[in-house]
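Letters go in sequence order (proteins before strands), and every chain restarts at 1.
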2 protein chains.
Amino acid sequence: MPRAKSSVTIADVAREAGVSTATVSRVINENAPVSAATAMRVRAAIERLNYRPSAAARGLASRRTHLIGLLAEEISAPFFAPILRGIEKGAREAGLGLLIHCTQGTPAANSGYRRPLGPHNTDGILVFAGGLQEEELVYLTSLEFPVVLLHRSPPDSLDIPAVTVENKRGARELVRHLIEVHGYRRIAFLRGPEGHEDSYWREQGYREALAAADIPIEPQLLAYGGFDQKIAQQAVTAWLEQGVKPDAIFAGDDEAATGTIMALQAAGLRVPEDVAVVGFDDVYLAHPLMPPLTTVHVPIEAVGREGVRELVRLIAGGEPEPLTLLPTELVIRRSCGCQEEA
Amino acid sequence: MPRAKSSVTIADVAREAGVSTATVSRVINENAPVSAATAMRVRAAIERLNYRPSAAARGLASRRTHLIGLLAEEISAPFFAPILRGIEKGAREAGLGLLIHCTQGTPAANSGYRRPLGPHNTDGILVFAGGLQEEELVYLTSLEFPVVLLHRSPPDSLDIPAVTVENKRGARELVRHLIEVHGYRRIAFLRGPEGHEDSYWREQGYREALAAADIPIEPQLLAYGGFDQKIAQQAVTAWLEQGVKPDAIFAGDDEAATGTIMALQAAGLRVPEDVAVVGFDDVYLAHPLMPPLTTVHVPIEAVGREGVRELVRLIAGGEPEPLTLLPTELVIRRSCGCQEEA
DNA sequence: TGCTATACTGTAACCGCTTACAGTAAGCGC
DNA sequence: GCGCTTACTGTAAGCGGTTACAGTATAGCA
């Protein structure tokens, strides 16, 4: 394979400016004193030659890639977009590039010497929910490689910093609202995917709220909604066909809430008059939905931003913050039966 | 700065397997014959040492980063998610990493030697809409650096491959449906952002459809919707306050359609009985909207996939396909006045 | 004045891989 | 048996930066 035509290198700049390559490197990285006059000459040369340092060479020599990675199972709308935006913004502000990779149905691809993201090509990685298997986390930890978990807590005995939100509290408040303000007692819950922590904690919050109001859990009011519009739609339709008709449905997340509303309306039921529906996340579609969805606001973008902040701290060798729990907030709209707030 | 503790290198593998580093490199890259027995020994050594080649060293030596970049103005939901998914999937299948960067309000950051994405750190880039200024495109072209444009056509006299969709045809069919099936004559249009090509071509399609039906353009039925829910909402509210009441509103995109529906309903008007509304894109929220939105389906994910395919071809030195126009398709739901299709 | 700290700069040794080049051994046609 | 391929392997020269180390000049200080 023929060598590509070589682009301008640091040696060219050095020659042009009449200095050594070391000096050029120093003015670029600003990590050693260089006289103002020399620096100016060098900068002029860089400008003139349109020089751009090779990331590979720089990375090889300095052992820093200036890249962080994001590993996720799936880039699924609409939850992923805001978190990605937060991460991208954080990375940009920290002067880091962002490498993203989905593990979507390719667990095997994540091993062997073709592993997509790791110490060989990034300075640290962010793992969103199930984006990486536990054993891989163990391995990276043994290398002291910086990793931050998003919407997931670390495996036992591994102290990997995690950033997530107050799912349990948010769910509890939400269900409490349903009980105390609206007097609903038969409140159904649609679970999210198995093993998904957000789902787990939301269910705990749901249970706590019911327990606090002395309402027993009715097993037939618990079903699988998968944090997915279609699945939730089917689950709700199945309920209706079986004659199960709750006062209210806590759909687990907004996507499932959307499917829930569609199923209810398709069956001729009115929301919230016949059945109230609430979601979780407050993603983009919650507001324009008809009726506007009562939900719990999750600071999704902030999770991404905080994740990067934590990762940057780890990369710099700082002390990790074991857990960052971002607050959630009840957002009352109309699907619970309230009139829209002012 | 102390050198980080060195990880296992190709030399370690070579020693472990009793071969030269060249041989190890050859079994990894499979680009030269290696005897089966040797290859096996090398692979075992790699496995045993948990060796992972350094991307930087590899890139420096081979002048290939195995990375492609994506440059966009903003990671805005909900249009961005599917295109990103298509790109990520395409990149993954091609064995390339994906580096993403937003230029969001930082045009200056895109010059100087800190430029985020370019020949110094990627093998080629994808530019989404206004993600990169024209002069930068000119520069990259002069370097023969692989670039593919998404939802944007190349500047004059630059033959950069572009991938986009049949906006004009889609808009024309959509408006024709409004005219021919429903008999609407006063059809308003909400433009997208200035300079946005999708917006431009959709307006052309709108104009052509009206012209074909001999309906004159009424300037007061054209307004700025910004491909944005809030802006569209305000624009429609303004119309209503001025007593402008069209038969139907073509909102430019689904986001604007959402805002349009919200504004109309807030004013006590029924959709589609009083005013019909149609969008464009068929993004995630179009279906669950109430009423379900009649729109034009845009194969967003396919744009991303095709973009990567084209970029990979360019990187491999293949002949570029100047323009890839992906088909759009009318999706009839209820907001136009139709009963939902079967 | 002599000595030392400081500011600046250059030399050159890597960083970990790829690959041109060269060499060896075996296979093949005559 | 000889020259020529072909298959395989090793040697070593980069790739384009960073940075330890050393050197020079100047300033500060006793």
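- Between C:dT18 and B:N31, no contact under 4.0 Å exists linking OP1 or OP2 to a side-chain N or O.
- Between the side chain of B:E310 and the backbone N or O of B:A162, no donor-acceptor pair lies under 3.5 Å.
- Side-chain contact annotation: A:R58 with A:N29, donor-acceptor N/O pair under 3.5 Å present.
- Whole-Å rounding puts the A:I10 CD1 to D:dT19 C1' distance at 11 Å.
- Put simply, CG on A:L60 is 17 Å from P on C:dA13, counting in whole angstrom units.
- The phosphate of C:dT18 has OP1 or OP2 within less than 4.0 Å of a side-chain N or O from B:S25.
- Under the salt bridge (Lys or Arg N to Asp or Glu O under 4.0 Å) criterion, no residue pair touches residues 18-29 of chain B, with sequence neighbours excluded.
- Within the structure, salt bridge (Lys or Arg N to Asp or Glu O under 4.0 Å) pairs that include any residue of residues 12-22 of chain A comprise A:D12-A:R15, A:E16-A:R48 (at least two apart or interchain).
- Between B:R63 and D:dG16, a side-chain N or O to OP1/OP2 separation shorter than 4.0 Å is present.
- Look at B:R58 and you'll find a side-chain N or O under 4.0 angstrom from OP1 or OP2 of C:dT18.
- Exactly one of A:L70, A:V298, A:V303, A:L126 qualifies for a side-chain contact (heavy atoms from CB on, under 4.5 Å) with A:I83. That residue is A:V303.
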Atom pairs, N/O to N/O, protein against nucleotides 9-11 of chain C, distance under 3.5 Å?
| from | atom 1 | to | atom 2 | distance (Å) |
| --- | --- | --- | --- | --- |
| C:dT9 | OP1 | A:S35 | OG | 3.0 |
| C:dT9 | OP1 | A:T38 | OG1 | 2.3 |
| C:dT9 | OP2 | A:S35 | N | 2.9 |
| C:dG10 | OP2 | A:S20 | N | 2.9 |
| C:dG10 | OP2 | A:S20 | OG | 3.1 |
| C:dG10 | OP2 | A:T23 | OG1 | 2.8 |
| C:dG10 | N7 | A:R26 | NH2 | 2.7 |
| C:dG10 | O6 | A:R26 | NH1 | 3.3 |
| C:dG10 | O6 | A:R26 | NH2 | 3.4 |

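- Residue B:R15 contributes atom CZ, which lies 13 Å from atom P of D:dT11 at whole-angstrom precision.
- Pairs of residues two or more places apart, or lying in two chains, never qualify as ring-ring contact (aromatic ring centres under 6.0 Å, His included) while including a residue from residues 8-43 of chain A.
- Between B:L99 and B:L117, some side-chain heavy-atom pair lies under the 4.5 Å cut-off.
- The side-chain hydrogen bond (donor to acceptor under 3.5 Å, both in side chains) check on A:T141 picks up nothing, with sequence neighbours excluded.
- Remark: C1' of C:dG16 and CD1 of B:I28 are 11 Å apart, rounded to the nearest angstrom.
- The A:N29 side chain lies nearest to D:dT18 when the options are C:dT19, D:dG17, D:dT18.
- Atom NE2 in B:H66 sits roughly 11 Å away from atom C1' in C:dT18 (whole-Å rounding).
- We find that CE of A:M40 is positioned 14 Å from P of C:dC8, with the value rounded to whole Å.
- To the nearest angstrom, P of D:dG16 lies 15 Å from CG of B:N121.
- The end-to-end axis angle of the helix from C:dT1-D:dA30 to C:dC30-D:dG1, rounded to 10 degrees and based on five pairs per end, is 30°.
- Side chain of A:R313 to backbone of A:G318: no donor-acceptor contact under 3.5 angstrom is found.
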